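Source: prediction; values computed, not measured.
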Amino acid sequence: MIYRHFNAPARGFTQFSHELIRHPRLSSDAVRLLTWQLSLPHGARESLSRTAERARIGGSAFIRAKRQLKEEGFVHERRVQGPGGLWSTQQLVSSTPLTAGQAAKLLAREPVPASSQVAPTPRKPAAGQPTAPSTGGHPKKDRQEDTSNLPPEATEEASPRIDDARALVGVLPLLSPALRHIPPGMRDELAHLAARWLDAGHTSTDVHEHILRGLPGDGTPVHRPGGLVRYLLRDVPRRELPSLVSSGPRISARLEGARECAGRHTQTTLFRPVGDETHCGQCALSARS
């Protein structure tokens with residue numbers, strides 16, 4: 001038996017429909033994301049991703065929750081171009097499911113955000129006299145300090161498949177629209193990761209299929225395609241090779257141990273010798289008579 005004790009709050013509360021909280025097709029993350037958005041003050045412009053960050057909903061869970069809310073009509077998005085040619089994404093969150101037409105009418109009432117470009121602040125002169133940069137020797141500090149994604153050491157040998165790997169990475173934007181905006185500065189890093197797959201015996205098709213399987217579905221945008229590809233290529237699985245089957249002729253187990261008769265026959269005649277006989281029993285009888 002279960003007992004419930006509930007005190008209605010005097011302030012800081014939001015009313016939700018029981019159908020929303022008990023929705024059979026929304027996960028707990030989706031319900032939390034939706035109720036959090038609906039509890040924000042009127043006029044708040046907090047994005048869904050920021051709400052997920054505050055609610056401690058991880059990246060993969062956020063993608064699934066957002067997809068569920070869009071499928072059920074609680075969330076709608078559209079891309080608009082504002083003054084200055086800048087594109088932005090408008091998100092509409094509703095407490096009741098809306099059709100695409102209803103959402104489009106509500107979004108059309110919202111003004112397109114203007115460009116938020118800010119003029120640079122005036123430069124302040126540095127204190128002291130100007131000095132020339134040092135040109136002798138190496139810095140005293142460790143060159144790896146505060147540095148990420150260091151390039152490979154000069155002593156590291158390049159993979160023999162590095163050219164194939166660069167070609168593999170070069171065609172990634174043609175595989176999916178989600179991969180069109182990989183930063184050019186990451187292609188060399190991705191090529192070295194892809195070369196590890198090729199060195200392990202995988203083909204270019206294997207790598208492309210693995211990357212496509214890792215892309216989010218239902219048209220979910222990929223904001224950092226280079227980082228996603230780097231994550232997918234980080235671990236190299238062992239390639240399962242098909243079992244080798246002998247290509248030589250195999251005979252039935254029923255004919256194991258049989259021998260071809262050396263006598264004269266219209267067709268090839270097999271017999272099972274007891275010792276080292278070369279003729280079948282019929283030929284042996286004919287030779288005795």
Side-chain angles (χ1 to χ4, degrees), residues 27 29-30 33 47-71 75 77 79 87-89 91 141-244:
S27 65
D29 289 329
L33 184 64
S47 64
L48 290 172
S49 58
R50 174 55 181 159
T51 299
E53 181 181 351
R54 294 177 58 192
R56 297 186 178 182
I57 300 176
S60 300
F62 166 64
I63 293 176
R64 291 192 297 268
K66 182 179 176 182
R67 181 172 64 246
Q68 292 175 3
L69 293 175
K70 294 177 68 175
E71 291 175 350
V75 171
E77 290 182 327
R79 294 276 292 170
W87 288 87
S88 61
T89 301
Q91 295 178 331
K141 291 186 177 181
D142 184 1
R143 66 186 178 89
Q144 294 186 0
E145 183 179 350
D146 297 334
T147 305
S148 60
N149 296 329
L150 291 173
E153 297 293 339
T155 56
E156 182 180 351
E157 295 184 2
S159 168
R161 304 293 302 277
I162 189 63
D163 291 337
D164 296 336
R166 288 194 176 98
L168 183 155
V169 173
V171 300
L172 288 180
L174 303 178
L175 300 181
S176 171
L179 302 176
R180 289 177 181 173
H181 302 292
I182 296 178
M186 292 189 63
R187 292 181 181 176
D188 191 63
E189 178 186 1
L190 298 180
H192 281 83
L193 293 175
R196 295 170 56 232
W197 284 66
L198 300 180
D199 293 340
H202 296 275
T203 64
S204 299
T205 302
D206 296 336
V207 180
H208 287 162
E209 291 179 351
H210 175 74
I211 294 174
L212 291 177
R213 286 195 299 268
L215 297 180
D218 300 331
T220 302
V222 178
H223 300 290
R224 296 179 178 87
L228 176 60
V229 174
R230 178 173 56 192
Y231 171 78
L232 294 174
L233 298 181
R234 181 180 57 183
D235 298 325
V236 183
R238 186 177 63 180
R239 186 168 187 261
E240 299 293 339
L241 297 177
S243 59
L244 298 178

Legend entry - Reference residue I211; test side-chain contact (heavy atoms from CB on, under 4.5 Å); the match among L175, L228, V229: V229
Inset, instruction - Look only at the side chain of H202 and the backbone of V236, and say whether a donor-acceptor pair between them is shorter than 3.5 Å. - result: no
Inset, instruction - Give a yes or no on whether the backbone of W197 and the side-chain of R161 come within a donor-acceptor separation of less than 3.5 Å. - result: no
[X] side, atom [atom1]; [Y] side, atom [atom2] - distance, nearest 0.5 Å:
{"X": "D164", "Y": "T203", "atom1": "CG", "atom2": "OG1", "result": "11.5 Å"}
{"X": "E77", "Y": "S47", "atom1": "CD", "atom2": "OG", "result": "10.0 Å"}
{"X": "R67", "Y": "R64", "atom1": "CZ", "atom2": "CZ", "result": "7.5 Å"}
{"X": "Q68", "Y": "S27", "atom1": "CD", "atom2": "OG", "result": "4.0 Å"}
{"X": "I162", "Y": "D188", "atom1": "CD1", "atom2": "CG", "result": "6.5 Å"}
{"X": "I63", "Y": "K66", "atom1": "CD1", "atom2": "NZ", "result": "8.5 Å"}

Nearest heavy-atom neighbours spanning [X] and [Y]:
{"X": "A178", "Y": "P225", "result": "O-CB, 3.3 Å"}
{"X": "A165", "Y": "L198", "result": "N-CD1, 3.7 Å"}
{"X": "H208", "Y": "L172", "result": "CD2-CD2, 3.8 Å"}
{"X": "A61", "Y": "D29", "result": "CB-OD2, 3.5 Å"}

Legend entry - Where at least one partner belongs to residues 199-217, residue pairs that pass salt bridge (Lys or Arg N to Asp or Glu O under 4.0 Å), sequence neighbours excluded: D206-R239
Inset, instruction - May I ask you to test the R230-L193 pair for a side-chain heavy-atom distance under 4.5 Å? - result: yes
Inset, instruction - Check step by step if side-chain contact (heavy atoms from CB on, under 4.5 Å) holds for R54 and R50. - result: CA-CA 6 Å; R54 294 177 58 192; R50 174 55 181 159; 3.6 Å; yes
Inset, instruction - Evaluate whether atom NE2 of H210 has more than 12 neighbouring non-hydrogen atoms of other residues, nucleotides or ligands under 6.0 angstrom away. - result: yes
Inset, instruction - Might you confirm whether atom CZ of R79 has over 12 heavy atoms from other residues, nucleotides or ligands at distances under 6.0 Å? - result: yes
Inset, instruction - Given side-chain contact (heavy atoms from CB on, under 4.5 Å), test L33 with V75 step by step and report yes or no. - result: CA-CA 11 Å; L33 184 64; V75 171; over 6 Å; no
